Every structure is written in C-alpha cells, then in structure tokens.
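Notes to accompany the following structure.
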Number of protein chains: 2
Amino acid sequence: MLAAQACEKLRSAILEGRLPPGTPLSRRRLAEEMGMSAVPVGEAIRRLEGEGLVESRPRAGTRVRIATVDEVHGNYVLREALETHSARLFAESATAVDAARLLTAAAKVDASYNSLAMRRGYSPERRARTERTHIAFHMRIAKAAGVPVLTNAIERSRVLLFNWVFSASSEFEPMPERWHRDLAEILVSGHPDEAARAMRAHVQYRQEEVIARFRALAVESSGPGRMTRGPQRNSR
Amino acid sequence: MLAAQACEKLRSAILEGRLPPGTPLSRRRLAEEMGMSAVPVGEAIRRLEGEGLVESRPRAGTRVRIATVDEVHGNYVLREALETHSARLFAESATAVDAARLLTAAAKVDASYNSLAMRRGYSPERRARTERTHIAFHMRIAKAAGVPVLTNAIERSRVLLFNWVFSASSEFEPMPERWHRDLAEILVSGHPDEAARAMRAHVQYRQEEVIARFRALAVESSGPGRMTRGPQRNSR
DNA sequence: CTGTATAAACTGATGTATCAGTTTTGAAGA
DNA sequence: TCTTCAAAACTGATACATCAGTTTATACAG
C-alpha cells in the first residue's frame, strides 16, 4: 500500500529531525519525490495529522506541526497520567522476570546518561542512542501490564513530546546518577502507591524547565494565521 | 469541506446507534447517499478509523468497528489512568465555583439515575438523556484542570467504550443512591490522593461485570478474518 | 525606497476513471 | 443434498484532471 509507505517515510523523516517543525509539506512535491500520485500522499498526511505530527489548513498548506506551549504542557500532563498508572500496574502485576529485566534496563539507562555527561563523552549519535534506550526503559514498564491500548497511548505521547521538545533541549544536562535505578527499585518493590508516586516525580522532573525553554524558543511563531510556503520558480 | 461533513454525519450515526458495530460501510453507497464523490467519504472513513470507530481491510471492506474483549479492557485501563489523574488535578486546583457546580451536577446525575431505576421510570429517551448528563459530569471534572489534551483523551476513551459496551448493557441496573454525590464530595475536599482513590473505585465499579457481559456477546465474532458485505443485486 | 494592488504560482479538495484484490453468487458436479 | 469453483459484483487504492482558495512575486504608484 503506497499510502502506508509514504506515511512511514514521512514519520521517520520527521522523528529523525530531517523535517523539523514548521517545514512546509507539499503533497505534489512529496508525491513526485516518492514516485507516486498525490492521493496516497494526502492520505498519509491525513493520518499523520491525526497523530499530531502534522498540521494543515485547507487550500493553504501543510507543515510539520508547530506545537503551542499549552500543547506541550498538556502532553506532559497526559504522560504523567499514563505513566503513573503504568507504574502502578507494574508494581501490582510484574513478574520476577519483568522486575529483573527492568533493573538491568535501568542500569543501562543510567550508565548511558552518566557516560554522556562526562567530559568529551557527548556526541549526537550517542545522545540519540541513549534516548532510544531511555524510551525502551519506559516502554518496558508499560508493556509489563500487557495492555496494548495503554502502551500505544504512552508511546504516542512520548513521540510527540520528543519531537517538539528536542530542538529546545539541544544542550544536554546531567541528571541524578542513579535516577532510573532508584525508580526501578521502587517499581519492583511491589507497592502500587509508592510506584505511582515515584513515577510522578520522575515525569515531573525538570518539566517546568523544559517548558520554559520551549516557550522561549516559541515566541517567534505567531500562531498558524499564515501558512508559509517556499519560493516559487516554475515557468514564467 | 465535504469530508468533514461526511465525517460528522457518520460519527453521529455510529454514536447514536443507527450504525451498530459490524455494519458494512461502502464508500460508494455512502457517497451516493450524501451526494458527493467517494474521495471525501474515504477521507472521512480514514479519520474515523484513526479514532477507532471504524475498521477496514484493504480492498475488502469497511465496517463499524467490532472491538475485542482486550480492547474494551484496555480502554477501561486507559480511562482509569486518565480520569484518576483528572480527579487529582481537580482536587489540586479547582476553584470554589468549580466545586459548587460539580456538586450540583453530581446531584443531578444521581437524581436521574435513581429516577431511572424506579418502577416504570425507565424509557430509552430518559436513559440516553441520563447518560449524557453522566458524561457531562465527568467532563466537567476534566475541564476544570484546563488541559484540553487531557480532556480530549478522556472523551475519546469514553466515546469508544460507550459505543462498544452500549449493546452489552441494554438492561439498566441501579447503582448506589449517592454514587456521584459521594465522589464529588471527596473531589471538592481538596485531597489529591483521596480524590484519585475515589475516582479509581468509581471507574472500576462493575467494570468486570460489564466486560464479562461483553465477552458473552462477543463469542460469535471470530475475528476480522472475513469482511462481510451485503447482498449483491446490480445488473445481471 | 516603501507601500499596495494585481497576477502568477502553488495549495489542498474533489470528481471521474480505472486497477487489483475480496466476497458473493450460482451453476455444475459429487 | 452438499461441495467445488469460476465468473460476477463489489471493494478500497490510486492516477489524473480540475476547481477554488491562499500565498508569493512583481509591477506600479506614492
């Protein structure tokens, strides 16, 4: 199916940063680049719009979504709701195997971040790899509950936040050395309320800071009143 | 925009029960009925698919979504996560006006349900009206936090559950007489943890019962292996 | 040089036609 | 009566053409 193929290409291009927020997306240009008609491209764009990665105004244009500060904050709230519950479910129902693997994953995440924070330990590739490890850690918690609906909701929220906030967090700042191990140990201890509380603190950590930085970078976008396009050069 | 119009028509038709789960949806037939081409209808269907109200297999057909037991359970889990957090936020930040209005709304919901449970108090219209009042009560809690992302997520989850479970809950069963007033009183008392706990109990109330009933009614659907169509009669 | 109006270029939205895959139908064979 | 299977009918997917609305470019007036 061509539409699914176009959707996947666009999604990965956006999430890998090759199409940063605000980039104009033309159905026709994309169709030509991908060697297909404008219809499947339009379908792909429609789907990405439903996921929140893209926004379009009728007959004006489509672009990679530029989130507002409220939306970033809203997704943090949403993520707090979802991951807090995810942690609770983990504490209630995780098996010994789940627990052991979570501790291992937490150690890996901490090691990656600590290594990244060291002098001359930073590189964009390592940063990207570390972020993937980090996401895998959180998704492991979610998957332990065996509820795909919850897992998917968490992943959607994380994807959006990552994409929107990535530009605002270009500079890496270290976190507590045992940040994820401490969290994992509380989760595996089997007390739902404490697990939920620990996850809440984890999600809220530096949240306001990130939002403030995002707000500072978002002052220029004066809303979606106008949909910018590229220069026009064809036939004249 | 024709697509939006078609989308709205289809959505309301599904949610009002005129197109029960499993009903085949043909782009062409719908296009003819609505006086438009198949393209905007297809776009509308694609959007409803993203919302989970509709499902389609390529070149086989489209139908109103038939949920699996796992999906119903998953949406209950999701709703628990979202509404629990919503209650917590309400307890943390609701104003006195919010609190007063919530108590009023709770009284109205209880009154409606109690009246419905009385001998000869039941009618489908009253039932529908009561359910709307009930949903409005929960959405009022969510809206008090002022986070549209959360509110929308809750509404989506509630819409899906309502549509899927409605057929399984045709017979109305009474609930505790002060069920919503008790919840509201805890929420307005301003203790986040207690508010969350109360909402958790509220969402879980009779959840297993409803799921069991849904499972009993869902035995016949042997998965989406085949996409059924209506009879064929044109030209022969 | 600056502001403004007008035309060109571009955009998404929609209609029509066609393709390839799936389901239904119904007749032929057991 | 029951099973088999091929053609008909129907489905969603896609291409192409066109329409109406928006943005950009440019000529022109100040």
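Just so it is clear, the structure is predicted and the values come from calculations on it, not from any experiment. Lettering of chains follows the sequences in order, A, B, ..., and the numbering in each one begins at 1.
- A distance-only check finds a donor-acceptor pair linking the side chain of A:N75 to the backbone of A:E71 [under 3.5 Å].
- Residue-level contact check: A:T228 touches the backbone only, with heavy atoms under 4.0 Å from sugar-phosphate atoms and none from bases.
- Checked options A:V72, A:I211, A:L160, A:L217; the residue passing with A:V165 is A:V72 (criterion: side chain to side chain contact (heavy atoms under 4.5 Å, CB included)).
- In this entry the distance linking CD of A:Q232 with P of C:dA8 reads 12 Å, nearest Å.
- Atom CD in B:E49 sits roughly 14 Å away from atom C1' in D:dT11 (whole-Å rounding).
- Note: CE (A:M227) to P (C:dA13) measures 11 Å, nearest angstrom.
- Taking atom CZ on B:R47 and atom P on D:dG12, their separation rounds to 18 Å, with Å as the unit.
- Side-chain contact between A:E83 and A:R158 is present, with heavy atoms from C-beta onward closer than 4.5 Å.
- The distance from atom CZ of A:R57 to atom C1' of D:dT23 is 10 Å, rounded to the nearest whole Å.
- Atom CD1 of A:I45 is separated from atom P of C:dG12 by 6 Å (rounded to the nearest Å).
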Legend entry - side chain to side chain donor-acceptor pair (under 3.5 Å) evaluation trace for B:H134 with B:H180: CA-CA 9 Å; B:H134 184 198; B:H180 292 87; 3.0 Å; yes
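- Position along DNA chain D of the nearest nucleotide to B:S26 versus A:P58 favours B:S26 as the more 5'-ward residue.
- Of the side-chain N and O atoms in B:R46, one or more sit less than 4.0 angstrom from OP1 or OP2 of D:dA13.
- Looking only at side-chain heavy atoms (C-beta outward), A:H138 and A:H202 come within less than 4.5 Å of each other.
- Following rounding to the nearest Å, A:E32 (CD) and D:dC16 (P) show an atom-to-atom distance of 12 Å.
- Side-chain atoms of B:R27 and base atoms of D:dT11 include no donor and acceptor less than 3.5 Å apart.
- Relative to the side chain of B:P231, the nucleotides D:dT11, C:dT25, C:dT11 differ in distance, and C:dT25 lies closest.
- With B:R27 contributing its side chain and B:P40 its backbone, the two residues share no donor-acceptor pair below 3.5 Å.
- Both B:R29 and A:R229 lie near DNA chain D, and the one whose nearest nucleotide falls closer to the 5' end is B:R29.
- Checking C:dT24, C:dG12, D:dT23 against the side-chain heavy atoms of A:T62 singles out C:dG12 as nearest.
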Strictly under 3.5 Å: I want the nitrogen or oxygen pairs between protein and nucleotides 14-17 of chain C, one per line.
| unit_1 | atom_1 | unit_2 | atom_2 | d |
| --- | --- | --- | --- | --- |
| C:dT14 | OP1 | B:L2 | N | 2.3 |
| C:dG15 | OP1 | B:S37 | N | 3.3 |
| C:dG15 | OP2 | B:S37 | N | 2.7 |
| C:dG15 | OP2 | B:S37 | OG | 3.3 |

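- To the nearest angstrom, P of C:dT11 lies 11 Å from CG of A:L25.
- Side-chain atoms of A:S93 never come within 3.5 Å of backbone atoms of A:F90 as a donor-acceptor pair (strictly under, hydrogens ignored).
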